[in-house]
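Shown next, in structure tokens, is the structure this report addresses.
Reckoned from all heavy atoms, side chains included, excluding hydrogens, waters and symmetry mates.
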Amino acid sequence: SFEPNELGTWEFRVEAYVDRFGTWLAGLEKLVAAARVTRVELEEGAAQLQAASARAPEPDATALRTAADAILQSEPFEALTT
């Protein structure tokens, strides 16, 4: 936010980005609540973590790869409930 300190024309710029992981996580939380997690959702999250690991420095890259592997080893809820 900003407060102009005089009358006149002002210019400002808004910068934003898409938080793909945050969006995926929010959707996953809803699927978990509904017990409808599928393999596709798990693979999507793991792929995002793998991609992030390629850009991250160590030891963060290792932690991201470990998290991706853990997600891929998870059982989807649909497989557990059917």
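No side-chain heavy atom of Q73 sits less than 4.5 Å from a side-chain heavy atom of L42.
A donor-acceptor contact shorter than 3.5 Å links the side chain of W24 to the backbone of E41. Using modelled atom types, no side-chain atom of Q48 and backbone atom of G45 make a donor-acceptor pair closer than 3.5 Å.
Taking each heavy atom of S53 and A61 in turn, the nearest pair found is O-CB, 3.3 Å. Heavy atoms only, all atoms of each residue included: E75 and R39 are closest at CA-NH2, 4.2 Å.
Comment: E44 does not engage R20 in a salt bridge, judged by the lack of any side-chain N to carboxylate O separation of less than 4.0 angstrom.
Other residues, nucleotides and ligands contribute more than 12 heavy atoms inside 6.0 Å of the CZ atom of F2.
One distance of note links OG1 of T66 with CD1 of I71; it measures 11.5 Å at 0.5 Å rounding.
Linking ILVMFWY side-chain heavy atoms closer than 4.5 Å, directly or via other members, places L25 and L72 in two distinct hydrophobic clusters.
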